[in-house]
2 protein chains.
Amino acid sequence: MHYSNKKSETPTSRFEVVYRIFVNDHRNIKQHADDITIEQTVEIPANCIPQEIVEAHILGRVENIAPAEVEDRVDKAELFDVTISYRWDLAGHAIPQFLNVVFGNISLKNNIKVIGLHLPESCLSDFPGPSHGIDGIRKMLGVYGRPLACTALKPAGLAVEKLANRAAAFARGGVDIIKDDHGLSDQPFHPFKERVARCQEAVARENSRTGRKTLYCPMLSGRFDQIEEQAQYALRQGVQGMLIAPMLVGWDTARYLSESYGMVTMAHPSLTGVFFHSAVHGMTPSVLLGTIFRLIGADVSIFPNSGGRFFFSNDECRAISKSLKEPLGSLKAAFPCPAGGMSLDRMKDLANDFGEDAVFLIGGYLLQNWADPTDAIKAFMDEIRLRFHERLEDPDSGFLSSCEVKPVGVSGTVVDILPSDDFRWAQGGRTIESYKTNDDFDFNQVTRQELMGKFGEKTSFDVRYFEIGPGGYSSLEKHVHEHVVIGARGSGTLVKNNKAIPISANDIAYVGPMEAHQFRNQEGASEPFGFYCIVDHVRDKPMKP
Amino acid sequence: MHYSNKKSETPTSRFEVVYRIFVNDHRNIKQHADDITIEQTVEIPANCIPQEIVEAHILGRVENIAPAEVEDRVDKAELFDVTISYRWDLAGHAIPQFLNVVFGNISLKNNIKVIGLHLPESCLSDFPGPSHGIDGIRKMLGVYGRPLACTALKPAGLAVEKLANRAAAFARGGVDIIKDDHGLSDQPFHPFKERVARCQEAVARENSRTGRKTLYCPMLSGRFDQIEEQAQYALRQGVQGMLIAPMLVGWDTARYLSESYGMVTMAHPSLTGVFFHSAVHGMTPSVLLGTIFRLIGADVSIFPNSGGRFFFSNDECRAISKSLKEPLGSLKAAFPCPAGGMSLDRMKDLANDFGEDAVFLIGGYLLQNWADPTDAIKAFMDEIRLRFHERLEDPDSGFLSSCEVKPVGVSGTVVDILPSDDFRWAQGGRTIESYKTNDDFDFNQVTRQELMGKFGEKTSFDVRYFEIGPGGYSSLEKHVHEHVVIGARGSGTLVKNNKAIPISANDIAYVGPMEAHQFRNQEGASEPFGFYCIVDHVRDKPMKP
């Protein structure tokens, strides 16, 4: 049986889902397919769908029905591959509703498995995909020509100091990536903050000794109301990657954190096994851990490799790898990360199956076979180097400059009071700084004093004092974060949206998100124009308008 | 084979998971069970687990192994029910890590099904459970003695005006709850805000006419960074309930929104079918849609009833109902909500299976069989009333004041500049306000002007101006949020940690978390002491020291 629908013009983009359907009831495949087109969209009986909704192509549309291309058929099976398209805007331009349309209600029906997703370029623009991808991570680490080596920081229950020592030993051995065990969360015996700070510190210390770069990816698995703070905290400690389990914390939580903070995102498959257990139900690993994980921003997708402790087949694992690396609009390619009971004996298979663009994750085996974790990593690296031609470059120190989070060169302490000495404040390490070090921007006669927010305070904002000398002006720029400005001395002008707004002492000015703006001293003034400027502590970089 | 472990004393609470395990390999059941105790906790080979971790009881512990009590055994099965306990604090006191411990990695192994959860009172205190529960919803609606009637607002694609008219017609018919179809999200053809506002308005109008109360529960399925705003928006429209699909938006997202906003929470099973398809893998519906949904705050758990369009058995559905209503620490009981292709012909079965403490959800059938939705609802209500003895009381109008979300009394607009008129700013709706309305605190001669942050700006901070008259002082208080203060006119004193810190114009003062503090005008001064005070936009309430 073969059925193909001639496409008609529709006002909006459509995307396609390929379902494998096992027909084992009185209905034929066309009825099964039509049932899905309704269940996943309007969810009402066919005879009461308003005509306007039919005409607007809100329903799913069967694009193709073909016998399934599988070698070993399910016993007495009628197995078909059915392609159904949906209006992209029905998916709400958001991951939760996208998954709802793909498999929400029909997950509760038998014998339907999602085996493919086809997303045209126009749909893909809603999802940023990996922030770094394979190329970005290679550049960050300065490692080319071979797979990356990753190990896991474990076990849960080990004291923070021992975990940090273990991380240091791994870094000393030269491993590329250290990921937390996914069971390390915010337990009282190793609280999140202390653990992440100490482990990152340990890794950074080794990095500065070796001149190489080991990337540490702590597990973020906090509550809805904690997890963003965990990411920010980690960033402030200098962490540049995270491990996240989308099915534990929410698919879109992963997307949001990846997109917002640009950390290297390692996605963990915890709890996703329910999608894969059945041959005739759920989703294939390559759809969920490949395409969907890549859509939600995974730079590295961890999966249980065949031949380890779990049940994926070799074909399934290679299909995941393909989905992560094949062209997908303008989305970056992501690293497959075979894991789950890997050993050095498996290196030949790993190399054959995944090639050089992969992250090999070996955890327990290293702990089991070497007393010294540094030696274990060295043996691991040797096995990789034996099979590939490593090329090293200098690691790229910052992808997200840590000065965005904590500026370099500002050090000082929390103080109770900063008395003004003619608009200078010298206590607690406050100094007068140059306005900007980045000479991409044009400015003149501007000085800056950081006053509060960067000296150990926990405020969500920073308070700075700027002074613009006679004839001076700040750079013309825009950014998402806002300014609140309080005039302090002299007078000047805020140029914003082609308006010139005068500011004198104790006038309060506001600059909204993405408003191009510039501060200028009063024309012809001989005195400085001074003002306080308050901004969000965590904020985006200025751009040219 | 039967194995029972004598419990030893452990320092912390433990909870138990009952796994049904199908043994179909060379390993015996004890080996399978031991494997889980490691995989779900330390995840390293047994021979390299540090002794201190064993002694701290970090590993799972097999409490019991017994032959499974099932009637129809899987072919040649060796089927066992294994109870394993875990340290509660390993679960991180948070839903994501709790699910990780229960079934994270082993979801990727074959033939393990979670069939029970036992949480002692000490563990349950981490999870609030339903905000309202059966009793709370009955009180809110004033309906006793019969099941509640619920219908669905659909189909997706219908214009907002028509959806609102349909909602009004349902309310006119007297239905207890209207839930959005779970496919209504933020689509361009019915944007979230417009749709929710119009539908709630329509329902509220009918409620005010009838004197009864129909509860409207819009679907919240926005992105991680949208969904809390969606909840707040809905609350501001007077909405008192929400529909949420935990597996689409995140298990803990549901918990957070339920706990934070106290809306009636209807939980939808979209995408959860992957847990239930297999007889030997995943979780039983009663564990996930019963116990776990109740833990994360479901007041109403929707599930596909047997005999409808989906595959649950009658026993499974009754088990869900039991899990929702049986005693569970101090958690409130939740309503089972059988759905998924129900019709009025099924009313007798529904009544028998679920009794009066249930929500019956009938959607498509009503649209199919009545041209007028009001008539359809009336027929639905008649069928319920025929079988139960309805008792009505006055509905309870409010449960969460909308002023909890947006402070009353501050209205105004974003402005570019607030020129100072002798330390008064009158633009954009800024006014001089009384310092505090709460007279629990002692203060004197203080006025306040909100300047920035509460008028539509998206800053993470608020900027206010305070003035303390001669002889005046602010309240002595403490809070977690910090203050940054900039002296503006006159001079005064910050009393903090038993120190008196002088502040004059352009001095910058800091008050740290939980530091008891007070601002006072200079002793003997005849002029006001004025200062800017900058605080986090979202902040905790002041307490007395």
Side-chain angles (χ1 to χ4, degrees), chain A residues 42 44-45 48 53 58 89 92 94 96-97 99-100 104 107-108 110 154-157 185-188 221 223-225 248-250 252-253 256 270-271 273-275 277-278 281-282 304 310-311 364 367-368 416-420 451-452 459-461 463 482 484 501 506-509 534 536, chain B residues 42 44-45 48 53 58 89 92 94 96-97 99-100 104 107-108 110 154-157 185-188 221 223-225 248-250 252-253 256 270-271 273-275 277-278 281-282 304 310-311 364 367-368 416-420 451-452 459-461 463 482 484 501 506-509 534 536:
Chain A
V42 294
I44 54 176
C48 50
I53 282 175
I58 299 287
D89 59 1
Q97 171 64 0
L99 294 174
N100 199 18
S107 78
L108 293 152
N110 272 320
K154 47 168 100 172
S185 65
D186 190 25
Q187 291 101 341
S221 62
R223 297 170 189 252
F224 175 84
D225 46 326
L248 296 180
V249 297
D252 195 63
T253 309
Y256 172 78
S270 181
L271 208 57
V274 288
F275 282 91
H277 176 81
S278 166
H281 193 264
F310 302 92
F311 63 65
L367 295 177
Q368 195 172 25
D416 290 331
I417 184 84
L418 298 171
S420 166
L451 297 175
M452 291 280 179
T459 50
S460 66
F461 55 86
V463 177
E482 297 146 280
V484 173
I501 300 163
N506 293 300
D507 294 344
I508 320 285
I534 307 148
D536 290 350
Chain B
V42 294
I44 54 175
C48 49
I53 283 175
I58 299 287
D89 58 2
Q97 170 65 2
L99 294 174
N100 199 18
S107 77
L108 293 152
N110 272 320
K154 47 168 95 169
S185 65
D186 190 23
Q187 291 101 342
S221 62
R223 297 169 189 254
F224 176 85
D225 46 325
L248 296 180
V249 297
D252 195 62
T253 309
Y256 172 78
S270 182
L271 208 59
V274 289
F275 282 91
H277 175 83
S278 166
H281 193 264
F310 302 91
F311 63 64
L367 296 176
Q368 194 171 25
D416 291 330
I417 184 83
L418 299 169
S420 167
L451 297 174
M452 292 279 179
T459 50
S460 67
F461 55 87
V463 177
E482 297 146 281
V484 174
I501 301 163
N506 293 301
D507 295 343
I508 320 284
I534 306 148
D536 291 349

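Throughout, a chain's letter reflects where its sequence line sits, starting with A, and its residues are numbered from 1. From a predicted model like this one, the values you see are computed outputs, not experimental measurements.
- Between the B/S420 side chain and the A/D507 main chain, no donor and acceptor come within less than 3.5 Å of each other.
- Taking CG of B/D416 as the start and CD1 of A/I501 as the end, the distance is 4.0 Å to the nearest 0.5 Å.
- Annotation: side chain of B/M452 is in contact with side chain of A/I508 (closest heavy-atom distance under 4.5 Å).
- Heavy atoms closer than 4.5 Å to chain B are found in both the backbone and the side chain of A/L99.
- Annotation: maximal heavy-atom pairing with chain B below 4.5 Å, among A/K154, A/H277, A/Q97, occurs at A/H277.
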Assess the residue pair B/D252 and A/L248 against the criterion (side-chain contact (heavy atoms from CB on, under 4.5 Å)); give the C-alpha distance rounded to whole Å, side-chain angles, the decisive distance to 0.1 Å, and a yes or no.
CA-CA 8 Å; B/D252 195 62; A/L248 296 180; over 6 Å; no
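- Among A/P188, A/G157, A/S185, A/G273, the residue making the largest number of heavy-atom pairs under 4.5 Å with chain B is A/G273.
- With a threshold of 4.5 angstrom between heavy atoms, A/F310 approaches chain B through its backbone and through its side chain.
- Contact annotation for B/F311: both backbone and side-chain heavy atoms come within less than 4.5 Å of a heavy atom of chain A.
- A distance of 9.5 Å separates OG1 in A/T459 from CD1 in B/I534, rounded to the nearest 0.5 Å.
- Counting heavy-atom pairs closer than 4.5 Å to chain A, the top-ranked of the candidates B/P304, B/C48, B/G250 is B/C48.
- Side-chain atoms of B/S460 come within 3.5 Å of backbone atoms of A/S460 as a donor-acceptor pair (strictly under, hydrogens ignored).
- Comparing B/V484, B/L451, B/V249 by how many heavy-atom pairs each has under 4.5 Å with chain A, the most go to B/V484.
- Residue A/I58 touches chain B through its side chain alone, counting heavy-atom pairs closer than 4.5 Å.
- Pairing each heavy atom of A/P96 with each of B/S221, the nearest pair is CB-O, 3.5 Å.
- Judged purely by atom type and a 3.5 angstrom limit, B/Q368 has no side-chain atom pairing as donor or acceptor with the backbone of A/P45.
- Heavy atoms closer than 4.5 Å to chain B are found in both the backbone and the side chain of A/P419.
- A donor-acceptor contact shorter than 3.5 Å is absent between the side chain of B/S270 and the backbone of A/N100.
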Pair A/H281, B/V274 - check side-chain contact (heavy atoms from CB on, under 4.5 Å), show working.
CA-CA 7 Å; A/H281 193 264; B/V274 289; 4.3 Å; yes
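- If you tally non-hydrogen atom pairs under 4.5 Å between each of B/V463, B/L108, B/V42 and chain A, the highest count goes to B/L108.
- Judged purely by atom type and a 3.5 angstrom limit, B/Q187 has no side-chain atom pairing as donor or acceptor with the backbone of A/D89.
- Separating the CZ atom in A/F224 from the OG1 atom in B/T253 is a distance of 5.0 Å, to the nearest 0.5 Å.
- The CG atom of A/L271 lies 4.0 Å from the CZ atom of B/F275; values are rounded to the nearest 0.5 Å.
- Most heavy-atom pairs under 4.5 Å with chain B, from the set A/A94, A/G282, A/A156: that is A/A156.
- Of the two parts of A/S278, only the side chain, counted from C-beta on, holds a non-hydrogen atom closer than 4.5 Å to a non-hydrogen atom of chain B.
- Contact between B/P155 and A/I53 at its shortest, heavy atoms only, is CG-CD1, 3.3 Å.
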